[in-house]
Amino acid sequence: MTDYNRFSCPHCGNDNRLDPGQDPSQFNCGICHNSLVPKPSDLRCLSCGVLNCLQPGQDPSKFICSKCKNPLASKPIYYICPHCGIKNRLKPEDDVHNANCGKCHNPLVPKPMDGTVTIICPECGENWEEGEIPGCVECPECKYEFEVDEDGNSVIDEKEEEDQPKTSASSQTPFTSQEPFHTAEFTPLLEAARPELYSMNAFRICESPIDATVKDILQQAERINLTEKFGTDPHHLRGPLALNPVPDMYAIQEAMQRLNDPERRLVDELFWFWPHELGQGKTDDILKTLSRGNIKKAAEMWIKQENYHSESNVSMHNLAVLYHAAALDLELSKSATGEQKKLRDLYWQSVFKRWKILLDYEGFWSRLAARIRDFGDPRLTTGTARKIRASLPLALLSINAQLALRAAKSAHTSEVQRQSSIMQASGFEKAIIDEALRRIAEPTREQIKILCKKAQEEASSTPIKALELARLLIDQTKPLLTILDYLLSPGNATRDAAHDQIALQALTCLVTYVNNTEGWRASLSLLKQTLSIAASESVKKKIEGNIEIVNTNAVYKEFLDPIYNECNHAVSKANEGYSTAQQQLYYLRDHIRPKFYAFEKDTSFKEEVYQIAANIIAGAFRELALCFNNDHKDYSLAYEAIQLADLHCRDKDLSERIKNDRSTINTNKNIEETQKKPTTQWCFIATAAYGDPYSYEVNCLRRFRDNILSQSSPGRIFTRIYYRLSPPLASLLSNNEQGKAIARWLLGLLVAVCVRHMIKKGPISKGRVENERQ
């Protein structure tokens, strides 16, 4: 943004202060010493954009940039990351084959593997390199045999899968995902991971076990329909954790559609109660107990069986589902009591404890893989179990993240903190927790991007409205930033990026506004508000720099500009005539000076501003003094004006010029007074030489004139001739320092002779001369 009396160097960006009217092309930067106006031969670096000084005819390809050290003629190289799609900027000397993405830190170019392909076992998730493909391979970990294609992907053979032995409990190993969670996702699982996970579960709505056939589910749906129409059948046993009120037909139809989709059905089975043996969902004793509403007894039975650590540990899974469903039901309840809220927090501890154990329990995932094989659907493979296993931590945490988001939108800080504490205590890696929060915050982040883009487009088309657009942007994004601040802590990349984007976009709007309207003061308060939004130090420094410039320009416009204009007007009017010059002197003395003193009491401005104002006024008084001295020969007013100029001056060079002008004006004033009063005429040459009409030497010569020379006729003739010839010589002597020095030396000899002669004659003594001088 433009700054009065400042000129930004195009090479280093330093602000150089110039006096009004000075030509910047005649000055060099105070930092880099380059010309403030670029030469035609100067070249801007294509890599970093810095302007570099070159001599005419020099080849830019043979020179490197003073900042980034890259060849001036080399363009930046961009590579799109194949993993996250982010554009990465590389230097010409960077090797793209050894560079990583700035966001996801994966290699920008996949490294060759000498003809080998990485193969992932669909049974246990083990990976290894294989060279002889396609064909049948055997997993070195679990000995599972399967076919792979030329890309290393598994080709499922259902018959062979059924013949493969299940992994025994004794061979269990802790689970570690072989792929990052963002590359091994099971989308249906993440889509279902909502706080309504259990209330929208198809098996809970249809009140059917997970191994029920389509026919069984249709019959159960019909019973539910009849129950809704005619009331509860006392002989009919409802399903576990049956919903109240009874689901309507629309909910049942939607649940049936979910069950017709094998992937969505598999997710609903994962988050519902399993029978200990597949196919016995209707006869499982604990499930019957749960269906009768005896939740406490069912939980005790599962806890007892959980301690035996069965091969698939179905009891632990069912307890995880039970506590998870109970916790979420209480989270969604608006009438939960204080005791129920305490139970809810205990349920969350049990939920993550059991899900985390199941993640490392190979028997459990073997049971899920067996269930997938039972589906017999080509869309489901044993690799699906691996994806579910990799996605489960993110899915579980996403539910709590969504609860935190809902609390943030309602400004319930304590609820947000509680959900954040639950996630931190889950035992999962911090990277997965951060990813869950990032995904939940992403829609809010996108809203901020849309609002910033809209503000940018409207400010570009209508700069005069840019101030209101900046204010509107801050007001619209304030609740969105509040949500992000609740969800994400300071230092989080998503949160800080949103803060900085809003701050920078508001700053851009304000810059557009002030550069088109010069409304400095109106934009200052919004700039300070923008500073409070910024997160990173670099953005804060940028805004602080603009605040300083706007504040300075506001002072110039509101105070310094009027003073400069009034002083300049007074000086120009003084040339119109003596009376006008006199009026302008009194106007500056009686009007401008009080205004300056009132301004000087304001401590909100820098001392530099006061100095500029004082020097402007001092310069105006000096110009008036010279006008009275040179044009109007009124040395009294000239002396008064030069005294006022010296009173206000804060500049060393200007003060030196005022001092010399005052000496000349004082001499002229003394000469004028002497000519008006011949009986008390002063010694012109001595006064000019010593600069003081009351100095000891001048008094001695004046006494010698009055008491010695005036007593004789030759003396009086000499005096008249002296006063006729001396004024022009005194005028020449007043501006000649070397001549003054010679005159003082000669007059010193003459004074000594005169004093000796006066003492001899006895009219006065040396002491009387000194006393009169004092």
Side-chain angles (χ1 to χ4, degrees), residues 122 153-158 161-162 181-225 239-243 246-275 278-279 281-282 287 317-318 320-321 324-325 328 355 358 364-396 398-399 402 439:
N153 298 320
S154 62
V155 179
I156 302 300
D157 187 332
E158 295 179 2
E161 286 182 347
E162 294 175 356
F181 53 83
H182 60 276
T183 60
E185 294 178 351
F186 189 61
T187 305
L189 173 61
L190 297 178
E191 291 176 349
R194 297 181 297 166
E196 296 79 14
L197 174 65
Y198 292 98
S199 60
M200 299 299 295
N201 188 286
F203 296 103
R204 187 177 188 183
I205 293 174
C206 294
E207 300 180 2
S208 301
I210 64 168
D211 53 4
T213 63
V214 176
K215 182 179 178 180
D216 294 337
I217 294 174
L218 288 173
Q219 291 176 353
Q220 185 69 4
E222 184 63 26
R223 293 192 191 97
I224 295 174
N225 186 29
L241 304 183
L243 294 171
V246 177
D248 55 22
M249 286 305 300
Y250 295 104
I252 295 174
Q253 290 174 2
E254 185 178 352
M256 294 294 294
Q257 291 178 358
R258 286 181 59 85
L259 295 176
N260 289 331
D261 184 337
E263 291 182 333
R264 299 170 71 186
R265 172 166 180 156
L266 181 63
V267 172
D268 282 359
E269 287 189 10
L270 177 66
F271 290 104
W272 200 239
F273 303 105
W274 291 3
L278 283 175
K282 294 181 179 181
L287 293 182
H317 166 264
N318 289 343
V321 170
H324 204 184
L328 287 177
W355 278 121
L358 290 173
F364 173 78
W365 296 102
S366 297
R367 167 72 178 263
L368 182 62
R371 178 58 181 158
I372 290 173
R373 287 192 290 270
D374 289 341
F375 272 81
D377 193 291
R379 288 172 288 182
L380 296 178
T381 65
T382 50
T384 304
R386 177 178 54 82
K387 288 186 177 182
I388 292 176
R389 190 177 188 180
S391 304
L392 184 59
L394 181 60
L396 294 172
S398 295
I399 296 173
Q402 292 178 59
R439 295 194 182 198

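Considering all non-hydrogen atoms of both residues, S199 and R204 come closest at N-NH1, 3.9 Å. When all heavy atoms of V321 and Y198 are compared, the pair lying nearest together is CG1-CE2, 3.6 Å. Residues F271 and N201 come closest through the heavy atom pair O-ND2, 3.3 Å. R367 and P275 get closest at one heavy-atom pair: NH2-O, 2.8 Å. A193 approaches Q402 most closely through the heavy-atom pair O-NE2, 2.6 Å. Contact record, D211 with G281: OD2-N, 2.9 Å, taken as the closest heavy-atom pair.
Checking W272, F273, W355 one by one against H317, the ring pair (Phe, Tyr, Trp, His ring centres under 6.0 Å) holds for a single residue, W355. Each of L368, L189, D377, I210 was evaluated against L266; a single residue qualifies, L368, per the side chain to side chain contact (heavy atoms under 4.5 Å, CB included) test.
Between L287 and W274 there is no side-chain heavy-atom pair separated by less than 4.5 Å. When side chains are defined from C-beta on, T187 does not count as touching K387, because their heavy atoms never get closer than 4.5 Å. Taking the side chain as every heavy atom from C-beta outward, T384 and T381 approach each other to under 4.5 Å. The shortest distance between side-chain heavy atoms of F375 and R265 falls below 4.5 Å. Inter-residue side-chain proximity for F186 and V267 is flagged as met; some heavy-atom pair is nearer than 4.5 Å.
Side-chain atoms of S391 do not come within 3.5 Å of backbone N or O of I388 as any donor-acceptor pair. Judged purely by atom type and a 3.5 angstrom limit, S398 uses its side chain to pair as donor or acceptor with the backbone of L394. Of the possible donor and acceptor atoms, none in the side chain of D261 sits under 3.5 Å from a partner among the backbone N and O of Q257.
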Q: Would you check, one step at a time, whether the test side chain to side chain contact (heavy atoms under 4.5 Å, CB included) holds for I252 with D248?
A: CA-CA 6 Å; I252 295 174; D248 55 22; over 6 Å; no
Q. R194 and I399: side chain to side chain contact (heavy atoms under 4.5 Å, CB included), yes or no, with the steps?
A. CA-CA 5 Å; R194 297 181 297 166; I399 296 173; 5.8 Å; no
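The OG atom of S208 sits 12.0 Å away from atom CG of D268, with the distance rounded to the nearest 0.5 Å. E263 contributes atom CD, which lies 9.5 Å from atom CD of E191 (distance to the nearest 0.5 angstrom). Here R258 contributes atom CZ and I205 contributes atom CD1; the two are 8.0 Å apart, rounded to the nearest 0.5 Å.
Salt-bridge check for E269 with R371: passed, with a basic side-chain N closer than 4.0 Å to an acidic carboxylate O.
Atom CD of E196 has more than 12 neighbouring heavy atoms from other residues, nucleotides or ligands inside a 6.0 Å radius.
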